[in-house]
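Keep in mind that this is a model prediction, so the values were computed, not measured.
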Amino acid sequence: MRGSGTYVSRAAVPGLVAVGAVAVAIPLLGHLAGSPLSRIGLLPDDAFYYLGLARSFAVDGVWSFDSGVSTTSGFHPLHAYVLAALYAALQPGTEAFVLLGMLVTVAAGLPALALGTSYTIRTNRIAPAMLFLILMLSRNVSMNLVSAMEWSWVVSLAGVYLMLSGGIAGGRHRRLAVALFCCGLAGSLARADFGLLPASILAAAWLCLRAEHGWKPVLCAASGVAGAASGVLLLFVHNFAFTGEAVQSSARMKQLWMEQYGPTARPIMNQVFALFGDKTLVTETLVSALIPISIWVGVAWVRQRRQGTAENSGATPWRDDASRLLWTGSALSTAGYIVLYALNPVSVQLWYTANLVAPLFLMIALPAAHLRTRTPLGTAAIAILGLLCARQMLAGSAPRSDPEWPYQRAAYDAAQYLKEAKLPGHVGSWNAGILGYFEGGHIVNLDGLVNNDIYSYAREMRLAAYVDAVPITYICDFETMLSNPQKVRRGGYDGPAFLSRLEPIHYFDTPESVQGRLVLYRLNPAGQTVQDHGASASPP
C-alpha cells in the first residue's frame with residue numbers, strides 16, 4: 001500500500017506478526033514444559049512471595065508469609081486473590097502451584113498480545129510491525145509472561161485502557177466513562193501506581209480536545225482517574241482490614257530505601273533498553289536516538305490541530321483526534337513512570353516495565369506509522385527499527401534455557417534442607433521467597449516487603465531487637481546481605497553488635513554470582529560474638 005506510511009506488501013505486516021507469535025510461543029512453551037528445578041532460576045524470588053501468601057490465605061484466611069508470625073499488605077491484590085482462589089479451588093501441590101502461577105500470567109498477558117497484534121495488522125505499516133516484533137522478541141517480555149508476577153495483568157489492563165481512551169473524542173461518553181472507571185479500578189488493584197496512566201490521558205484530553213470538543217471528553221477521561229483513585233482507596237481499606245495499617249508496609253520500606261540511595265534514572269532506563277534487546281552500547285545508542293525522534297515528530301504533529309496546516313509540509317499530519325490524544329497521553333505516561341521509578345531506583349526490577357510497555361509502544365508506533373521514508377526523520381526511524389528488529393531476531397533465535405537468576409537454585413536446596421532439619425526457633429531471611437515457599441511457609445522475611453512489623457525497626461536501625469523479640473535463632477541468606485554496606489544500612493542492622501553474633505554453620509552450593517554464597521547462620525544470643533566468620537562450617 002502507498003500513503004503516509006512506508007510502502008509494504010500486503011503480506012509483510014502479517015508475516016512479521018506471525019514470526020513474532022512463533023518466537024514468543026517457543027520460549028513460553030519451553031518454560032512451561034521445563035522441569036520444576038528449571039523454573040527456580042527463571043522466576044523471580046518475589047513470585048514465590050505471591051505463591052506463599054496466596055497459599056496461606058486460601059488455607060488460613062490470613063495474608064502471612066510465615067504462618068502467622070507476621071501479617072502483610074505487601075502485595076498487589078488482583079494477582080494475589082486470583083492465585084488464592086485457584087489454590088482454594090484446585091488444592092495443587094507445591095510444584096504444581098508454581099506451574100499454575102506461570103499459566104495464570106501467560107493467560108493474563110494474552111489480551112495485551114491480542115491488542116498489539118490487532119493494532120499492528122489494522123495499521124498495516126512496517127514501522128509499527130517491526131516495533132511490535134522487537135518487543136515480543138525481547139527477553140524482558142518473554143520472562144515476564146511466565147513470571148507468576150503482576151506484570152501481565154498490568155500490561156493487558158493498560159492496553160485495554162488505551163484502546164478505550166481512543167474513543168474519548170467521539171460520542172457515547174457515558175458508556176465509555178463507565179468502562180474507563182472499571183478499567184482504572186482494576187488497574188489500581190493490579191498495581192497501585194497504575195493511576196498515572198489515566199492521569200496522563202486526562203491531561204492529554206485537556207490539552208488536545210477541550211478547545212474543539214468542550215468539556216465532555218475531559219470529564220470522560222476523568223472517570224478513569226476516579227476509577228484508579230477508587231482502586232487505591234479500596235486498597236487502603238483492604239490493608240487496614242487485614243493489618244491495621246492503611247499504607248502498604250512495602251511502600252514505606254521502599255520510601256526508606258529512597259531516602260538512603262537518592263534518585264537516578266539508570267535502573268529503569270536499563271529495563272527500558274532491555275525491551276529493545278540485550279543491554280549493549282549499540283542497543284542503548286539506537287533506542288536513545290529512536291525515542292527523541294518519536295517525541296520530536298509527536299510534538300510537531302500534536303500542534304497541528306487542523307489537517308490543512310501541514311498539507312505542504314514534509315510530513316503527513318495525524319488525521320484524527322484519537323491519535324493526538326493517545327500519543328500525548330502515552331508520552332506523558334512514559335515520562336511520568338520513568339521519573340517515578342527514578343525516585344526509588346533500588347526497587348526497580350525486571351517486572352517494572354509493566355506500566356511502560358503499552359504507552360511506550362504507542363509513543364513510538366503512532367508517529368512511526370505516519371512517517372515517510374523520503375524525509376530524514378522517517379529514514380532514520382525506519383533504519384533504527386530495522387537494525388533493532390534484526391538484532392532481536394538474531395538474539396531471539398538463540399536458546400533461552402539459561403536462567404535469569406541461576407543462584408536461586410541454592411535457595412531451593414536450602415529450603416529442602418531447612419524443611420528436613422526442623423531447627424529450633426525461627427529462621428529469618430531477607431530474600432525469603434523461594435526459601436519460605438518451598439520450606440513450607442515458616443521463614444520470616446526480614447526486608448519488610450512481606451512483613452509489616454519490620455519498618456519501624458529498620459528505620460531506627462534496630463532490626464536486631466526485632467530478631468530477638470520473635471525470636472529468630474537462624475538466618476539463611478547470601479553473604480552479600482552481611483558484607484555489602486549499602487544493604488546492611490538499608491536493612492536496618494548496620495552495627496557490629498548484631499553482625500558479630502552471626503556464626504556460619506552451613507554453606508550451600510551456590511553458582512558464582514554477585515550475591516556470594518548462600519549461608520545458614522546461627523544467631524548467638526545478645527552479647528555473645530563470633531570471632532571468625534570464615535570458619536569452616538558444619539551442619540547443626
Legend entry - Gap separating the NE2 atom of His31 from the OG atom of Ser147, nearest 0.5 angstrom: 10.5 Å

Inset, instruction - Evaluate the side-chain proximity of Pro198 to Leu180: yes if any heavy-atom separation is below 4.5 Å, no if none is. - result: no

Inset, instruction - Look at the side chain of Ser138 and the backbone N and O of Leu135, then say whether any donor-acceptor pair between them is shorter than 3.5 Å. - result: yes

Inset, instruction - Taking Gln515 for its side chain and Thr480 for its backbone only, find out whether a donor-acceptor pair lies under 3.5 Å. - result: no

Legend entry - Point-to-point distance, once rounded to the nearest 0.5 Å, from CZ of Arg210 to CG of Leu219: 11.5 Å

Legend entry - Minimum-distance pair of heavy atoms, taken over all atoms of Thr105 and Leu145: OG1-O, 3.0 Å

Inset, instruction - Report yes or no: does Gln408 contribute a side-chain atom to a donor-acceptor pair with the main-chain N or O of Leu43 at less than 3.5 Å? - result: yes

Inset, instruction - May I ask you to check whether over 12 heavy atoms, not counting those of Trp405, lie within 6.0 Å of atom CH2? - result: yes

Inset, instruction - Could you grab the distance from atom CD1 of Ile268 to atom CZ of Phe273, nearest 0.5 Å is fine? - result: 11.0 Å

Inset, instruction - Would you please classify the geometry between the Tyr412 ring and the Phe438 ring as parallel, tilted or perpendicular, with 30° and 60° separating the classes? - result: perpendicular

Legend entry - Side-chain heavy-atom pair Leu42, Met143 within 4.5 angstrom cut-off: yes

Legend entry - Residue pair Asp447, Met253: steps toward the side chain to side chain contact (heavy atoms under 4.5 Å, CB included) verdict: CA-CA 8 Å; Asp447 61 23; Met253 287 300 302; 5.7 Å; no

Inset, instruction - Kindly check if the number of other-residue, nucleotide or ligand heavy atoms within 6.0 Å of CZ (Arg175) is above 12? - result: no

Legend entry - Cation-pi, Tyr352 ring and Arg191 (6.0 angstrom, 45 degrees): yes

Inset, instruction - From the options Leu360, Leu137, Ile134, select the one residue that forms a side-chain contact (heavy atoms from CB on, under 4.5 Å) with Leu275. - result: Leu360

Inset, instruction - Examine distances only and state if a side-chain atom of Ser156 and a backbone atom of Ala112 form a donor-acceptor pair shorter than 3.5 Å. - result: yes

Legend entry - Any donor-acceptor pair under 3.5 Å from Tyr49 side chain to Ala432 backbone: yes

Legend entry - Closest heavy-atom pair and its distance - Ala358, Gly159: CB-N, 4.1 Å

Inset, instruction - Apply the test side chain to side chain contact (heavy atoms under 4.5 Å, CB included) to residues Arg409 and Leu37: give CA-CA distance (whole Å), side-chain angles for both, the deciding distance (0.1 Å), then the verdict. - result: CA-CA 8 Å; Arg409 170 61 191 271; Leu37 285 179; 3.6 Å; yes

Legend entry - Rounded distance (nearest 0.5 Å) linking atom OG of Ser330 with atom CG of Leu162: 5.0 Å

Inset, instruction - Please answer whether the main-chain N or O of Thr94 pairs with a side-chain N or O of Tyr437 as donor and acceptor at a distance below 3.5 Å. - result: yes

Inset, instruction - Would you check if Val348 and Asn270 make a side-chain contact, meaning some heavy-atom pair closer than 4.5 Å? - result: no

Inset, instruction - Give a yes or no on whether Lys254 atom NZ has more than 12 heavy-atom contacts from other residues, nucleotides or ligands under 6.0 Å away. - result: yes

Legend entry - Distance, nearest 0.5 Å, that separates CG of Asn355 from CD1 of Ile338: 12.0 Å

Legend entry - Side chain Asp45, main chain Gly433, donor-acceptor under 3.5 Å: yes

Inset, instruction - Side-chain contact test, heavy atoms from C-beta onward, threshold under 4.5 Å: evaluate it for Val155 versus Phe361 and give yes or no. - result: no

Inset, instruction - Starting from the C-alpha separation in whole Å, work towards a yes-or-no answer on side chain to side chain contact (heavy atoms under 4.5 Å, CB included) for Phe132 and Ile121. - result: CA-CA 10 Å; Phe132 188 54; Ile121 292 178; over 6 Å; no

Legend entry - Any Leu209 side-chain heavy atom under 4.5 Å of Val218 side chain: no

Legend entry - Nearest atoms (heavy-atom pairs only) where Gly166 meets Ala322: O-CB, 3.3 Å

Inset, instruction - Start with the C-alpha gap between Leu16 and Ile126, add the side-chain angles, then the distance that decides, and say whether side chain to side chain contact (heavy atoms under 4.5 Å, CB included) holds. - result: CA-CA 9 Å; Leu16 282 176; Ile126 193 65; 3.6 Å; yes

Legend entry - Any donor-acceptor N or O pair under 3.5 Å, side chains Asp193, Tyr337: no

Inset, instruction - Compare all side-chain heavy atoms of Arg391 with those of Thr280 and state whether any distance is below 4.5 angstrom. - result: yes

Inset, instruction - State, with a plain yes or no, whether a side-chain heavy atom of Val357 is found less than 4.5 Å away from one of Asn144. - result: no

Legend entry - For Ser223 against Ala177, the heavy-atom pair lying closest together: OG-O, 3.1 Å

Legend entry - Taking every non-hydrogen atom, the tightest pair across Ala265 and Ala342: CA-CB, 3.6 Å

Inset, instruction - Look at the side chain of Ser200 and the backbone N and O of Ser333, then say whether any donor-acceptor pair between them is shorter than 3.5 Å. - result: yes

Inset, instruction - Can you establish whether the number of heavy atoms outside Trp215 located under 6.0 Å from its atom CH2 is more than 12? - result: yes

Inset, instruction - Could you tell me the separation between the CZ atom of Phe75 and the CE atom of Met149, rounded to the nearest 0.5 Å? - result: 13.0 Å

Inset, instruction - Indicate yes or no: at least one non-hydrogen side-chain atom of Asn431 is less than 4.5 angstrom from one of Phe48. - result: no

Legend entry - Closest contact, heavy atoms only, Pro367 versus Trp327: CD-CD1, 3.5 Å

Inset, instruction - Name the orientation class of the two ring planes belonging to His238 and Tyr81 (parallel below 30°, tilted from 30 to 60°, perpendicular beyond 60°). - result: perpendicular

Legend entry - Side-chain donor/acceptor of Ser165 to backbone N/O of Tyr161, under 3.5 Å: yes

Legend entry - Flag, side chain of Thr328 to backbone of Arg324, donor-acceptor distance under 3.5 Å: yes

Legend entry - Sidechain N-carboxylate O distance under 4.0 Å for Glu404, Arg139: yes

